[in-house]
Every structure is written in structure tokens, then in C-alpha cells.
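Worksheet: the structure to be examined is printed underneath.
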2 protein chains.
Amino acid sequence: MTTLSAVEPRRVRRATMGDVARLAGVSIKTVSRVVNDEPGVHPATAARVVACIEQLGFRRHLGARDLRRGSSSKTIGLVLEDVANPFSSVLTRAVEEAARARGWHVLTGSSDAQPSRERELAVEFCARRVDGLLVVPAGGQHGYLAAEMRTGTPVVFLDRPAGDVVADTVLVDNAGGTAAAVRHLHAHGHRRIAFLGDAPQIFTAAERLRGFREGCARAGLGWDDELVVMGPHDAPGAARALARVCGGERPATAVIAGNNRITVHVLRALAGAAARPALVGFDDFELADLVDPPVTVLAHDTAAMGRAAMELLFARLDGDSGPPRRVVLPVRLVPRGSGELPCR
Amino acid sequence: MTTLSAVEPRRVRRATMGDVARLAGVSIKTVSRVVNDEPGVHPATAARVVACIEQLGFRRHLGARDLRRGSSSKTIGLVLEDVANPFSSVLTRAVEEAARARGWHVLTGSSDAQPSRERELAVEFCARRVDGLLVVPAGGQHGYLAAEMRTGTPVVFLDRPAGDVVADTVLVDNAGGTAAAVRHLHAHGHRRIAFLGDAPQIFTAAERLRGFREGCARAGLGWDDELVVMGPHDAPGAARALARVCGGERPATAVIAGNNRITVHVLRALAGAAARPALVGFDDFELADLVDPPVTVLAHDTAAMGRAAMELLFARLDGDSGPPRRVVLPVRLVPRGSGELPCR
DNA sequence: TCGACCGCGGACAACGTTGTCATGGTGGCG
DNA sequence: CGCCACCATGACAACGTTGTCCGCGGTCGA
């Protein structure tokens, strides 16, 4: 083993300014000056120090620096539901980009929709002294963040409002979106419109259902419980729900899918079918234009959501202490074909 | 302004152990002991300290703790090309999951395929004392990481090998994949097979081209430059390339798309066409089964790639100092229809 | 010639935390 | 009563860095 270490001198400890100083024959402070481009160092000395830095592979310890300076780490924490899904990853990218514009970095984590994990992540990030927190809520209890918010860590909630705390929030116009879809389908002659949504405990699902209800009322369509299926939709669940609303004696001629997962499941269930109901899906998704017929969707700008959240966050960091703000981003209907099918 | 601060007592400084200690009438060390669940604190004292911690919203400063302990931050840095694309985000999730299993966290950043940004991110992460670095290379020069690697920060490269540095690497069997696609198409009667690939400077593109070449040779197909189009493919570019290889007097009857972006562009270009060439796309993508006909792809397990990288990384952190390892993950052909179209 | 000033460099403390060691008090036991 | 063990607690240094202040030697103007 002595042989090994002789052959390949693997150092275990990273070089510090002290090591550099010793090697260069100067004081630690002089090294610090060189590293920070501070004036008052003789060029020759600086050159020697730089050489020693290279030789030792020295890299300054930002944690120690931040500690000493009392300055922030220029990091923001982002608690997502699942980075792997497109909504989260596009959001992450937008947040990262906004952070980068200020020279900041992003610490991410996925809660997997579990409140306990959301909390673990948020608390951990705070302990690591992030300067701000962006949270896509998994749970409905956010009191645990009150202390952080009071002590100066701004928090912005995304996609869903926080539970027991008033804070900056960015949402999309869920209710307005589904209402517009109903109006659109009604204009194309549909009178029996079904809604397949997520579990109503989920904020977005409840809002979308509310919009559906309001849209139906405004269009003068009577309410029919048979046309609404809320709840967890896996592939077979979606197929059953679809069969239910499109079967029977007064079948739906149009379907609104409550989110992109459900939309995809509906498309799979519809794949072999002869007669197709008109379809409008909430959330846009890649390749929606490539299936046959292309899918009409309720689209919203996920990246804009990330940017809006970062604007709110930076405003707080810049000293804004006004009352919490709520930003609601528009949802627009993108007609591609599936939502314009006539009432058969 | 005095009014404001009186109405809403927003403290600017986060409470420290010192603050808690003063409030509780104990020493800092006692607070530390309580926070760390160390023995030797009288229950009554501990209770008082806990109460003060709650009251002040104290959260211990992990940076200071790591500094003092000389311990690591239990963070790994992940340099991606773009979190927003599915490959990156699925990778991120897998990495995050593997990290979580050990109680670690992940710092991510997107290089946007720019070597300078890759480097900035990697260096920044090192300065923040990540314990390990996962890099999807954007550039071909990685000498700047040699110092880090020598000083004990393990680095694993993903999807593409590093430039001028030997290090642990996880790849997929690019060449084997395209060779298999050629074999598959040949077995279905195709003799004129085209390859639309990315710019050959890109490692994966070059490898896939190599596999295509080898596959053709092994199948006894003569080489025809007309059937290969490498280079940047935006939507119109892909359409042009497709028109070129499928036009002329000896048109291709089958097309291999070099990555999922190109596959999608080809599908869009093909959308209205009457006669379709057979199609095999490298990389799987969501909804590949929903277009008509469903798309046959060369699939690989992105999450497995992240897990493999984390295994290599943790092995290094656990003291493995063997020679750098290269893991090559399999690529398998998933027949869905488009690759099984007969030679018209 | 003297004082003022500048350029260069170092000593020291401090950021918030934890490891090491010391201290004072209490109880048991011979 | 004397001794020791043990418990609860505190004082202090140190992690790596930077801000503040100070000193030394030289130059310049009066």
C-alpha cells in the first residue's frame, strides 16, 4: 500500500489558503487578496501565489467564505413533485435560467407528492441556508415554514396554494381553462360533455372541476353526475371511466381530460375505437400534434410560471415587504382537431 | 418605517446557537448537545432549550457544521445538458433517488451543451465542496477536473466519455444499437436503409454511425453515401434530408433516425405522406406507441444509467481506488410497427 | 530634515458550529 | 470523613475564509 501511495500520490485533504501561503512564503491574507483580486499585492508576489495555487490544485472553500462574510450562498431551493415529469423539469429549467442570470444556483428535490418528503426537503434546504425556497406543495400544511419566512427566507408556492400560510403564489387559471373548453365544445354542437378529473382533494383538480361546472351552467347545459368521473386514473381506470361516460343510453359526445396523464390514457383507450368523442385535454404535451387526430389542449406556459416565481422571489430578496401576491397565469385553448370534431 | 418594523417584527438575522443559549441561560455547547441528541443534558434543561429553539425559529447552520467537522456536505453535483429534456430529467431523478438512499442531496445545472458553461458549473460545484461530480460532457476538454480528481473529488462521466482525462464513465451501446436496427430492417426485406444522424463531432452520433456502417457491412449491404445525412437537424432540415434519401431513382425503403429529436422531426415530415418508409428511431420517447404506425425504437434505460453512475461514485467515495471503469449499458430494439413495415 | 503618504504585507478576530478538556457538584462506599 | 466516580455543564480552540487594523520601508513635497 505504501507502494500505491508512492506511485499515485492521492492527497486526501484539499489544499487550503494556509497551504498555499506556506508554499509561497507569504501570509494567508495575501493569498486571500490574490484569490479575490484585491489590490495591494505586488505583481511578482501575486504570480508566485498563483503558481502555488495551480500546483496544489487549490480551490477556495465557498462555504467558509459565506460563513465569514455572513453573506448568502446564492442558492435557491426548489421542491418539486418529481423532476422526471415534464412539468417539473421545464419548471426547473426556467428557474435555473432565472437564477443563472443573477449568478445563483439551484438545489432541487422531488417530494413524490408525499408531504413528509416535501417537508424534509424544505427544512434541509433551509438548514443549508438557501436564500429562497420555491415549493410545489405536496401537502396542505405549511406552518413549518412560518419560522423560515419570518426569519427572512422568502418562499414562493407554485401550481398550488400553500396550506396554512399566506405567501406568494403562482398559479394557472385552472377554472377559466376548463370553462373555456366547455364553451368551445358547446360551440361545436356538443351538449353532452364529460369531465374526467384527478382526485378532488388535489387543488388543481378541484379548480378544474369548478370551471367545468361553471362552464356548463353558463352554456345552459344541465348538470349530470353521470358525466363526471373524479379520482385516480391509471390506464385501466381511465378506460373504464371513458366506457362509462361514452356508453349508456345518453352517451357523451365530448370529453375533457383533467390533465395530461389522463389525456394520454384516454388516447390509449381510444386507440382502436371506431367512433371517437371530441377531446380536449388540460395541459399541453409533446407530440400532441402527431397523434390522429391531433389533440386540442388547454395549454399554459410552464416556463413562464418558473420565471414569475423567481421574479416574486427576487423582489422579496430585494426588500419588497408588501403583502403576499398571487399571480394567475392564463390558460389558452389550442385547437388541433380532436376538440373540433362535430357532434356525431 | 419604525412603525413598520414595530407592527411586523421581521428579524433579519437568523437565530444562532448563541441566541438560543442566551435565551435559555445555558452555554452554546449545551444547545449544541441538545440539537445533536448528545447525552449528558438534564431533561429539564433540554426541554428549556428545545422551547427556546422553537421560539426563535432556530435552525442549525449546516455549512458551519460541515466546516467545523471537516465532514462533507453530502451533496453531489450533476452537470446536465438541459434539465428540461426527458433524458436529463429522468437521469436527474434516478441520481436523486440514489442520493436520497444515502441521505444525500443533488445540485444540478444545465450546460446547454456549451463547454464553458459545463466548466463553470463543475468548478462552482467543486468550490461548494460537493463530494462527487456527475458530468454529461458538453466539451471535449476535462483537464480542468484533474486537480479535483487528484484531491479526492470523484467524477463520473455520463453518456459520453471525458476528453483528456481517464475516469469512470457510463455509456450505452450506441454502435450495437444501430447495428441491431440494420439487422432488423434487413430481416424485414429492406436493402436500401438510410441513416439520419446528428453532427459526427458528437460522440454518440459518431458511434451510432459506426454501428450503422458495421451493420450494413455485416448484412452484406453495399455502402452508399447518398443514404447517410449527418448534421444538425431542425424540422425543415430533417424534412429535406428525408426527401433526399427517399427520393431519387433508388430511394431508401427504411430510415434509421439517430436520436429522438430526429425521430420526431421525421414523423412530422412523414405526417401527410402517402408511402411511408420503415422507421427505427434511436432513443425511446413517450407516446411512441400512440402515433400511427407505432414507432419501433432502440431503447435504453436512462434511469439505470443514473443508478450505475451513482454506484461508481459511491464506490469511489467508499475508498475504491482501482483503475477507472467503463460501464456500457445495453440497447434493445422495441418493435412497435414502424420498423416492421415490409419493403414496399 | 521632517512629516505625510503610499505600497505591500501580516496579525488577529470573527462567522456558527463541534470536539476536547476542565470544573463543580453529588452520591456511594470504605 | 476522605476518596473516587459520575453527571451536568461550560470554556476554549479550531474548521477556512475575510474584514479591520497595524507596521514597515520608501518617496515626495515643503
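All values reported here derive from a predicted model rather than from experimental measurement. When reading the values below, keep in mind they use all heavy atoms of this one structure, side chains included, and skip hydrogens, waters and symmetry mates. Letters A, B, ... mirror the listed sequences (proteins, then strands); counts begin at 1.
The distance from atom CG of A/Leu67 to atom P of D/dC15 is 14 Å, rounded to the nearest whole Å. Here C/dG16 presents its C1' atom at 16 Å from CZ of A/Arg128, a figure rounded to the nearest Å. Whole-Å rounding puts the A/Asp37 CG to D/dT18 C1' distance at 15 Å. Atom pair B/Ile53:CD1 and C/dT17:C1' shows a separation of 13 Å (rounding to whole Å applied). We find that CE of B/Met17 is positioned 14 Å from P of D/dG10, with the value rounded to whole Å. With rounding to whole Å, B/Ile28 atom CD1 is found 11 Å from D/dA11 atom C1'. In this entry the distance linking NE2 of B/His61 with P of D/dT17 reads 15 Å, nearest Å.
Direction of the helix axis in the helix from C/dT1-D/dA30 to C/dG30-D/dC1 shifts by 60° between the two five-pair termini, rounded to 10°.
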Give me the distances for all protein-to-nucleotides 19-23 of chain C N/O pairs that come in under 3.5 Å?
{"from": "C/dG19", "atom 1": "OP1", "to": "B/Arg69", "atom 2": "NE", "distance (Å)": "3.2"}
{"from": "C/dG19", "atom 1": "O4'", "to": "B/Arg68", "atom 2": "NH2", "distance (Å)": "3.3"}
{"from": "C/dG19", "atom 1": "N7", "to": "B/Lys29", "atom 2": "NZ", "distance (Å)": "2.7"}

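Residues from residues 20-27 of chain A with heavy atoms under 4.0 angstrom of DNA chain D: there are none. Interface residues of residues 41-50 of chain A facing DNA chain D, ordered by number: none; criterion, heavy-atom separation under 4.0 Å.
Distance alone, capped at 3.5 Å, places no donor-acceptor pair between the A/Asp159 side chain and the A/Val136 backbone.
Residue B/Gly40 is classed as a base contact, given a heavy-atom separation below 4.0 Å to a base. Residue-level contact check: B/Leu62 touches neither bases nor backbone, having no heavy atom under 4.0 Å from any strand.
Residues satisfying the side-chain hydrogen bond (donor to acceptor under 3.5 Å, both in side chains) criterion with B/Asp318, sequence neighbours excluded, are B/Arg102. Shown here are the salt bridge (Lys or Arg N to Asp or Glu O under 4.0 Å) partners of B/Arg48, two or more places apart in sequence or in another chain: there are none. When the side-chain hydrogen bond (donor to acceptor under 3.5 Å, both in side chains) test is applied to A/Arg68, no partner is found at least two apart in sequence or on another chain. Taking the side-chain hydrogen bond (donor to acceptor under 3.5 Å, both in side chains) definition, one finds that B/Thr169 meets it with nothing, sequence neighbours left out.
Listed pair A/Thr30 / C/dG10 meets the phosphate criterion, a side-chain N or O lying under 4.0 Å from OP1 or OP2. Checking the phosphate oxygens (OP1, OP2) of D/dT18, a side-chain nitrogen or oxygen of A/Arg65 falls inside 4.0 Å. The phosphate of D/dT17 (OP1 or OP2) has no side-chain N or O of A/Ser32 nearer than 4.0 angstrom.
The salt bridge (charged side-chain N to carboxylate O under 4.0 Å, His left out) pairs that include a residue from residues 128-137 of chain B are B/Glu124-B/Arg128, where partners are two or more places apart or lie in different chains. Applying the side chain to side chain donor-acceptor pair (under 3.5 Å) test to residues at least two apart or on different chains, the pairs with a partner in residues 133-143 of chain A are A/Glu118-A/His142. Counting only residues at least two apart or on different chains, no ring pair (Phe, Tyr, Trp, His ring centres under 6.0 Å) pair has a member in residues 49-103 of chain A. For residues 76-91 of chain B, the pairs satisfying side chain to side chain donor-acceptor pair (under 3.5 Å) are A/Arg93-B/Asp82, B/Glu81-B/Arg160, B/Asn85-B/Ser88, with sequence neighbours left out.
Taking OG1 of A/Thr75 as the start and CG of A/Leu62 as the end, the distance is 9.0 Å to the nearest 0.5 Å. Taken to the nearest 0.5 Å, the CD1 atom of B/Ile76 stands 10.5 Å off from the CD atom of B/Glu96.
Under a 4.0 Å N-O distance rule, the pair A/Arg117/A/Glu120 does not qualify as a salt bridge.
Counting all heavy atoms, side chain and backbone alike, A/Ile28 lies closest to A/Met17 at CG2-CB, 3.9 Å. A/Val165 and A/Phe157 make their closest contact through CG1-CE1, 4.2 Å (heavy atoms, listed as atom of the first residue, atom of the second, distance).
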